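Here's the structure we're looking at; comments come further down.
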Amino acid sequence: MIRQTIKKTSIMMLLYSVLSAPLQALNSGQQLAFLDPVWAGICLTFFLITSYLLVINTKLKKAQSILQLSEQRLKSTVEGSGDTLWDWNIATGEVVRINDKYMLHKSMSGHFIPNANRIHPQDLPLVEKLLKQHFSEKSAFFEASYRLKDNLEQYHWVLDRGKIIEKDNNLNPVRMTGTVRDISHLKSTEERLNLFAKCVESLTDAIAIYDDKFRLVDLNPSYLVLFGGNRANYVGKPFNLPGYDERYINQVITSLKETEHWQEELRLRNHKDTLLPIEVTIDEIKNSHGQVTNYVVVYSDLTERKKAESQLHNLSNRDRTTGLPNRNLFFTNLKKLAQQDTHHALLVFDLDNFKKINDSLGHQLGDSLLAKLAMRLNKLARQKDTFYRLGGDEFALVMTGTNDIHTITRTAKLFLAAIATPFKMANHELVITSSVGIVLFPEDGATPEILLKNADTAMYHAKQRGNHYLFFNDSMNEQAVKRLQIENLMRFGLKEDHFVVYYQPKMDIKTGRLVGMEALVRFITPKKGIISPGIFIPIAEETGQIIEIGEVVLDKACKDVKRWIDQGLFDGRVAVNLSAKQFSLPDLTTRIDIILQKNQLPSYFLELEITEGTIMDDPQEAISIMRSLSARGIHLAIDDFGTGYSSLAYLKQFPLNTLKVDKAFVDDMSSERGRNMVDSIVTIAHNLDLHVVAEGVEKAEQLSALEQLNCQTIQGYFYSKPLCAADFTSFLRAQKQRESHSQPKLKVVN
Ligand code: C2E
Ligand code: CA
Ligand code: CA
């Protein structure tokens, strides 16, 4: 079209130049010799034609400049776009290019695709395929992205798009036009994105992406490895942390919104329901307007790291020879205990003459002896205590949460005995002894260093005695010594029959008559006189001697009562105290049966007093023991009621007969509060159909107050102190006499 227009314009211009001479002559005012009508007609025609041509010429010039302008515009638009325009004459293979950035016109190619030699060999097959698809009308456009080499031998990623615009009569494509766009920068962005996606895919950390409403949008394969299931199980589901409740999740979200970042080490449940240490990191993702569009949650499994850390920790905190925690850890842990202000005892052991063993048998044997000893002693430590090797032949035991002298000395003795037990090694029987220094926190030092120094001092003194323990604090030593003396005295006393039984009457408040009595043990030593049960019973409980003492008391009480029954002085029940240690003996009932049988005393005459604390230790177990006792006709009393924490629910289930109100409540009866307390106890007892005994009644006021509260039975100095068997016989006789004077004769009930 443009070409045709250019041709017409050329003819017009030729005509104009031929005819323009006469016109110019006319214009210059030359006289024309042939000015006749014909000539005038010719001239007019010529003038008209010329004018017409002039008009045409002006228009043409205008069109030409418009054309040039639009060509210019098109060119600059194409240049501005950066694209290369091409017009391919398929038949001739000729290509016209505008804005040819790659200087493709310089290259020749034997291929049917122009410049095929410039297309990356890996991409060419695809370009061919796509072009053929378009030629065979399988695609409306040709569109291919490939690498194209420029004249400097540099590849560029391009997007080539085109369309057939002309076909011949056989419908073969003859012309095609299109554009080539450089997309190198897009490609590199895409490659980066692909790279990032691949990284995320291959990361061992689990990653989940949530939308702004905390619904899961996407996750990586590691997420499924950690939490199990498949993608569909999670997509669209709200954010959660397996093992944590909704309240916690809401807290996390709230804090995240405040700080834009959240990180915490949690214990999350994996797909096997195992709790794993996992560091969870959550970050916000914002768009260009600063609005949060997504949240990225990263879960890093710390299991391996923790393992490595603990191995490292072990290396620096464990002793290699014995496997025990070392001096380093000793100080760390002791510092913690001091900071927490927890009562604890430190026992420092030093082996006596261990150097001799090392020197005579060699270090290797010495080391394996230490390892064996460590294993033996470590087993003896209570669960909450830790046994350390401080170095060489020095060990330490830290007992947490105690400053109880009984517990500590018992442990010290247990360890000393274990150390002194011979070791069989390499055909030798090795005997080692040790000395122990004991300190208490906070009494004997505020810091681990001072405590250790003082324990060492105590240990040094203990060493002088050999295979011994010693407290740093002298009053503790005195107590420990006393305790040891009593323990030895009891051992001796059991052999020599120094335990006797006293009896304290229980009186009916209304009739003033005897209804029963409590057997109370007395320890009468030849040298130290009577030792109070308040002192020796707790030690006997600790050492286990209470079992033997308890049986002596029961045996003696049965014998005495049997005699009084046979003498017609008594037909009530004798109450014997049963300690916690006895109560938990598996063969308790058999032991009691044997003693009753031996003394030929029917079980009807026996009552057992068990403290509230003993029963509540393991109520279920207590119920079954008590049932088997009750089934024999033995009565059961709960002693020192109100001092423990009995649950009323349990109280109903115990096969009880009597409830003993503790002396402390009776003492407190002068106040209204105290009276109300006893009132409540008596009411509870009556509601449970239990007999009530008030202990420790010393005054007449207490007696009358108890009477008003409907308490039937009284025990206390008001009537009588505990009496030895001979004195109690007299008491019974006096009772008997009083009864025979008063008519009608009342039967003793209990
Ligand atoms: P318990 O079982 O509560 O015994 C009552 C204690 O109160 C007895 O002390 C008794 O002498 C004392 N007592 C009685 N009336 C009065 C009073 O009016 N005023 C005062 N101040 N005290 C009174 P005892 O005999 O020293 O026994 C103390 C604790 O030793 C007993 O408390 C009991 O828990 C235990 N016990 C005594 N004998 C035995 C026994 O044979 N076996 C066991 N396992 N423990 C025993
Ligand atoms: Ca008692
Ligand atoms: Ca009591």
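All figures in this text were calculated on a predicted structure; none of them were measured in a lab. Both counts, for ligands and for their atoms, begin at 1 and track the order of listing.
Counting non-hydrogen atoms of other residues, nucleotides and ligands closer than 6.0 Å to NZ of K699 gives a total of 12 or fewer.
We find that R632 and E607 are not joined by a salt bridge, their nearest charged nitrogen and carboxylate oxygen being 4.0 Å or further apart.
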Without placing hydrogens or testing angles, list every side-chain donor-acceptor pair under 3.5 Å for residues 719-731, not counting sequence neighbours.
unit_1 : atom_1 : unit_2 : atom_2 : d
T729   : OG1    : W564   : NE1    : 3.0
T729   : OG1    : A725   : O      : 2.7
S730   : OG     : A726   : O      : 3.3

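Annotation: side chain to side chain donor-acceptor pair (under 3.5 Å) contacts involving residues 520-535, sequence neighbours excluded, are absent. Pairs passing the salt bridge (Lys or Arg N to Asp or Glu O under 4.0 Å) check and including a residue from residues 476-485, sequence neighbours excluded, read R483-E487.
Relative ring orientation between F492 and H498 is described as perpendicular, the plane-to-plane angle rising above 60° on a 0-90° scale split at 30° and 60°.
For E518, the N, O or S atom closest to the Ca ion (ligand 2) goes by the atom name OE2.
Shown here are the protein N/O/S atoms lying under 3.0 Å from the Ca ion (ligand 3), water excluded: D639 OD1, D640 OD1, E695 OE1, E695 OE2.
Here the side chains of N473 and L440 are not in contact, with every heavy-atom distance at 4.5 Å or above. At least one side-chain heavy atom of M507 sits less than 4.5 Å from a side-chain heavy atom of L514. When side chains are defined from C-beta on, T421 counts as touching R376, because their heavy atoms get closer than 4.5 Å.
Among D639, N577, V666, the residue whose heavy atom sits closest to atom 42 (N) of ligand 1 is N577. Of the candidates D667, V553, V521, it is V521 that places a heavy atom closest to atom 39 (C) of ligand 1.
Proximity of atom 32 (O) of ligand 1 to the protein is not indicated, since no non-hydrogen protein atom lies closer than 4.0 angstrom. For atom 21 (N) of ligand 1, the nearest protein heavy atom lies closer than 4.0 Å. Within the 4.0 angstrom cut-off, atom 6 (C) of ligand 1 has no protein heavy-atom neighbours.
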